[in-house]
Every structure is written in C-alpha cells, then in structure tokens.
Amino acid sequence: VDLTESGGGSVEAGGSRKLSCGVSGHVNLIQCMGWVRQAPGKAREGVATLDKDGTTSYADSVQGRFTISQDNAGTTLYLDMSSLKPEDSGMYYCAVDLRFGPCTVFARNIENQFKNWGLGIPLTVSS
C-alpha cells in the first residue's frame with residue numbers, strides 16, 4: 001500500500017485545514033487507517049483512527065476539533081481540522097494497517113499500530 005499526504009502548510013491559530021491522503025494498492029485489505037503526528041523533539045502521537053467498520057478514535061487533545069473520514073472508494077483518507085492551536089503543529093503522517101486487531105490512537109506504541117506509513121507532511125499553526 002502506498003500513501004501520499006497533501007494539504008499541509010501554514011495556518012493561523014483558530015483556523016481550519018483539511019489534510020488528504022491518497023491510498024493505492026491493496027485498498028480492500030486495509031483494516032485500520034489513521035493519522036499520526038510528530039512535533040519537533042517529541043515522539044509520534046496518534047491523532048485519529050478509522051477502522052474498516054467505521055469506528056473512530058481520537059486523541060483527547062483533538063477530540064471535537066478534528067474529524068477523520070474517507071471517500072466511498074477507500075482511496076482517500078481525510079483529516080478535517082478546526083480551531084487549530086500552535087500545539088497542533090508538527091509533521092502529520094497518514095498510516096494504514098492490513099492486520100486484524102485493535103485500531104486505536106490509544107495503542108501502547110503507535111508505531112506498532114500501523115505497518116504502512118506515508119512520508120508525512122508538515123503543518124505549522126502560528127499564534
């Protein structure tokens with residue numbers, strides 16, 4: 001599975017931004033999709049997940065502000081972000097997993113939640 005993120009850039013605090021992730025390959029085998037971010041000097045943090053049944057999970061820090069979704073074909077994953085804060089800045093990664101199992105941002109190690117990762121795209125929220 002290949003993943004390509006787009007939509008990053010700079011935005012002012014309080015603003016909105018929509019990230020997209022093009023998904024190609026064995027799309028029909030994907031069990032879990034998600035967004036993970038990494039701020040400079042910090043570990044990767046799970047932001048949102050969406051499993052094959054449509055169940056979502058969100059990090060507490062983004063709950064109510066971010067929404068994860070996908071198109072009907074399952075070839076594009078989205079992350080709608082609103083009320084952005086400077087602490088939302090970082091590199092945003094699209095990630096998927098073809099393995100059966102839990103699909104949640106609260107995984108003990110978010111690196112192990114997903115097997116396939118995009119290259120990431122930066123988002124800067126200025127105050």
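Basis for what follows: all heavy atoms, side chains included, without hydrogens, waters or symmetry-related copies.
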Engineer: Using salt bridge (Lys or Arg N to Asp or Glu O under 4.0 Å) as the criterion, list what pairs up with Glu12, not counting sequence neighbours.
Structural biologist: none
Engineer: Among residues at least two apart in sequence or on other chains, which ones pass salt bridge (Lys or Arg N to Asp or Glu O under 4.0 Å) with Arg17?
Structural biologist: none
Engineer: Does Gln113 use its side chain to pair, donor to acceptor, with the backbone of Phe106 at less than 3.5 Å?
Structural biologist: no
Engineer: Taking only residues two or more places apart in sequence, or in another chain, which ones meet Ser20 in a side-chain contact (heavy atoms from CB on, under 4.5 Å)?
Structural biologist: Ser6, Thr76, Tyr78
Engineer: Excluding sequence neighbours, so at least two apart, what forms side-chain contact (heavy atoms from CB on, under 4.5 Å) with Ala73?
Structural biologist: Asp71, Thr75
Engineer: Show every donor-acceptor pair shorter than 3.5 Å between a side-chain atom in residues 54-69 and any protein atom, with sequence neighbours excluded, or say none if there are none.
Structural biologist:
from: Ser57; atom 1: OG; to: Thr49; atom 2: OG1; distance (Å): 2.4
from: Ser57; atom 1: OG; to: Val105; atom 2: N; distance (Å): 3.0
from: Tyr58; atom 1: OH; to: Ile68; atom 2: N; distance (Å): 2.9
from: Ser61; atom 1: OG; to: Arg37; atom 2: NH2; distance (Å): 3.3
from: Ser61; atom 1: OG; to: Glu45; atom 2: OE2; distance (Å): 3.4
from: Arg65; atom 1: NH1; to: Ser83; atom 2: O; distance (Å): 2.9
from: Arg65; atom 1: NH1; to: Asp88; atom 2: OD2; distance (Å): 2.8
from: Arg65; atom 1: NH2; to: Ser61; atom 2: O; distance (Å): 2.8
from: Arg65; atom 1: NH2; to: Asp88; atom 2: OD1; distance (Å): 3.0
from: Arg65; atom 1: NH2; to: Asp88; atom 2: OD2; distance (Å): 3.4

Engineer: Measure the CG-CG distance between Leu3 and Leu77 for me, rounded to the nearest 0.5 Å.
Structural biologist: 8.5 Å
Engineer: Using links of under 4.5 Å between side-chain heavy atoms of ILVMFWY residues, direct or through other members, which residues join Met91 in one cluster?
Structural biologist: Val36, Tyr93, Ile110, Phe114, Trp117
Engineer: Would you say that Met81 contacts Leu19 through its side chain, given a criterion of any heavy-atom pair below 4.5 Å between the two side chains?
Structural biologist: yes
Engineer: Any chance you could measure Asp51, atom CG, to Phe100, atom CZ, to the nearest 0.5 Å?
Structural biologist: 11.5 Å
Engineer: According to the disulfide (SG to SG under 2.5 Å) rule, which pairs have a member within residues 42-91, sequence neighbours left out?
Structural biologist: none
Engineer: Listing request: all side chain to side chain donor-acceptor pair (under 3.5 Å) pairs with a residue in residues 96-112, at least two apart in sequence or in separate chains.
Structural biologist: Asp97-Arg99
Engineer: Going by disulfide (SG to SG under 2.5 Å), name the pairs with one or both residues in residues 90-127, residues two or more places apart or in two chains.
Structural biologist: Cys21-Cys94, Cys32-Cys103
Engineer: If you round to the nearest 0.5 Å, how far is CG of Leu123 from CG of Leu79?
Structural biologist: 9.5 Å
Engineer: Show me the pairs that pass disulfide (SG to SG under 2.5 Å) and involve residues 34-90, at least two apart or across chains.
Structural biologist: none
Engineer: For Ala39, which residues count as a side-chain contact (heavy atoms from CB on, under 4.5 Å) partner, sequence neighbours excluded?
Structural biologist: Lys42
Engineer: Looking only at atom types and distance, does a side-chain atom of Lys52 sit under 3.5 Å from a main-chain N or O of Asn28, one as donor and one as acceptor?
Structural biologist: yes
Engineer: When you measure from the side chain of Ser89 to the backbone N and O of Val125, does any donor-acceptor pair fall under 3.5 Å?
Structural biologist: yes
